[in-house]
Enquirer: 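Can you keep this structure in mind? I'll have questions shortly.
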Amino acid sequence: MRMVRADALRGSGLVAVLLALVGTLTASASQPVAVSPPVSGPAVPLAVDSFRSSRSYSAVAPPVRLRIPDLGIDTSLGRLGRNRDGTVAVPADPAQAGWYAEGARPGQPGPAVILGHVDSTDGPGVFYDLTRLRAGTRVSVDRADGTRVEFRVTGQRQVAKTRFPTDLVYSPTLEPSLRLVTCGGTFDRTVGHYRDNVIVFADAP
């Protein structure tokens with residue numbers, strides 16, 4: 001496009017138009033600009049940590065007792081946490097079972113995990129006969145508020161401790177479920193432990 005020099009516009013009406021336009025812009029810049037009132041918008045968002053997920057299930061009391069009438073098991077339940085290496089602790093008393101307190105409570109959606117010894121140097125442990133459980137066997141758990149929740153055995157597995165199915169035992173479930181865990185298989189005298197675990201699976205009817 002051909003450029004037009006400024007001196008070529010002198011004496012023409014276009015110069016007057018340009019000068020008038022410049023004057024208008026200069027005057028406008030010196031005047032305060034009217035600002036439209038802000039449009040009402042949404043409130044300032046809440047901080048992320050102020051949000052809380054709503055619980056979709058009823059809170060239940062912690063378990064205090066396990067009963068399996070077909071095996072003659074009637075034991076109080078201790079509370080179990082984790083060892084320093086992250087593994088779940090086992091009951092100190094071979095005659096008492098323990099509930100993994102960092103997991104679901106019996107009756108809540110998810111797997112409630114209860115552990116017990118198969119034996120000790122003094123004789124059979126609380127879960128000595130656990131392998132005798134068959135599908136349909138009734139298992140009851142008493143809770144601290146006096147309520148009771150019932151489960152029915154659906155099956156069991158014996159697995160090597162080196163291949164313990166952590167996801168299968170501890171992963172969330174939509175419905176209340178129960179896992180009973182003890183030792184099994186052959187005894188390794190070099191380390192003083194059984195080589196396998198026995199896992200019984202039960203669901204709320």
Side-chain angles (χ1 to χ4, degrees), residues 53-82 87-120 123-186 194-205:
S53 296
S54 59
R55 185 170 56 206
S56 59
Y57 57 85
S58 299
V60 299
V64 295
R65 196 161 202 87
L66 173 73
R67 305 175 192 269
I68 309 179
D70 285 7
L71 298 184
I73 293 177
D74 185 347
T75 173
S76 57
L77 290 174
R79 295 171 67 94
L80 303 176
R82 298 193 195 191
T87 58
V88 177
V90 297
D93 183 356
Q96 182 190 46
W99 162 65
Y100 176 52
E102 295 182 28
R105 296 179 177 185
Q108 287 180 343
V113 181
I114 295 177
L115 293 82
H117 291 279
V118 65
D119 63 12
S120 70
V126 64
F127 280 170
Y128 183 78
D129 289 327
L130 203 65
T131 55
R132 291 176 47 202
L133 287 178
R134 296 293 179 263
T137 302
R138 180 171 60 89
V139 179
S140 300
V141 178
D142 297 342
R143 298 183 289 213
D145 61 353
T147 60
R148 177 180 297 179
V149 59
E150 301 280 344
F151 297 90
R152 295 284 178 176
V153 173
T154 58
Q156 66 172 268
R157 289 182 59 179
Q158 181 173 316
V159 296
K161 288 185 177 180
T162 56
R163 297 181 179 178
F164 188 84
T166 303
D167 291 345
L168 189 61
V169 174
Y170 295 100
S171 290
T173 59
L174 295 178
E175 301 296 331
S177 59
L178 187 67
R179 310 284 187 255
L180 307 178
V181 183
T182 192
C183 292
T186 57
Y194 285 91
R195 291 185 172 89
D196 297 346
N197 280 124
V198 173
I199 307 164
V200 171
F201 302 85
D203 293 331

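Keep in mind that what you see is a predicted model, and the values were worked out from it rather than measured.
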Enquirer: Find the distance between NE2 (His117) and CD (Gln96) and round it off to the nearest 0.5 Å.
Expert: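 Interatomic distance, His117 NE2 to Gln96 CD, rounded to 0.5 Å: 10.0 Å.
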Enquirer: Can you tell if the side chain of Val118 reaches within under 4.5 Å of the side chain of Leu130, non-hydrogen atoms only?
Expert: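 They are not in side-chain contact.
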Enquirer: Taking Gln158 for the side chain and Gly184 for the main chain, is one N or O donor matched with an acceptor at less than 3.5 Å?
Expert: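 No: the side chain of Gln158 does not pair with the backbone of Gly184.
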Enquirer: Minimum heavy-atom separation for Gly107 and Arg143, please, with both atom names.
Expert: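 Nearest pair, atom of Gly107 first, then Arg143: CA-NH1, 3.7 Å.
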Enquirer: Does a side-chain N-to-carboxylate-O contact under 4.0 Å join Arg65 and Asp74?
Expert: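 Between Asp74 and Arg65 there is a salt bridge, with a charged N closer than 4.0 Å to a carboxylate O.
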Enquirer: Flag the pair Pro109 / Leu174 as yes when at least one side-chain heavy-atom distance between them is below 4.5 Å, and no otherwise.
Expert: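 No, their side chains stay 4.5 Å or more apart.
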Enquirer: Decide yes or no for Arg138 and Arg152: does some side-chain heavy atom of the first lie under 4.5 Å from some side-chain heavy atom of the second?
Expert: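 With C-beta onward as the side chain, the pair touches.
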Enquirer: Quick check on Arg195: does its CZ atom have over 12 non-hydrogen neighbours (other residues, nucleotides or ligands) under 6.0 Å away?
Expert: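 More than 12 heavy atoms, drawn from other residues, nucleotides or ligands, come within 6.0 Å of this atom.
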Enquirer: Are more than 12 heavy atoms from other residues, nucleotides or ligands located less than 6.0 Å from atom OH of Tyr128?
Expert: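 No, the 6.0 Å shell around OH holds no more than 12 heavy atoms from other groups.
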Enquirer: Spell out, as yes or no, whether a donor-acceptor pair under 3.5 Å connects the side chain of Thr75 to the backbone of Ala97.
Expert: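 Side chain of Thr75 to backbone of Ala97: a pair is present.
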Enquirer: Give the ring-plane orientation class for Tyr170 versus Phe164, where under 30° counts as parallel, over 60° as perpendicular and anything between as tilted.
Expert: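 Tilted, since the angle between the ring planes falls between 30° and 60°.
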Enquirer: Is there a side-chain contact between Val139 and Leu178 in this structure, where contact means two heavy atoms from C-beta onward sitting under 4.5 Å apart?
Expert: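 The answer is yes, as the side chains (C-beta and beyond) meet within the 4.5 Å cut-off.
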Enquirer: Which atoms form the tightest heavy-atom contact between Pro91 and Gly98, and what is the distance?
Expert: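 Result for this residue pair: CG-N, 3.6 Å.
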Enquirer: Any donor and acceptor pair, going by atom type alone, linking the side chain of Thr154 with main-chain N or O of Phe201 inside 3.5 Å?
Expert: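 Looks like yes, one N/O pair under 3.5 Å.
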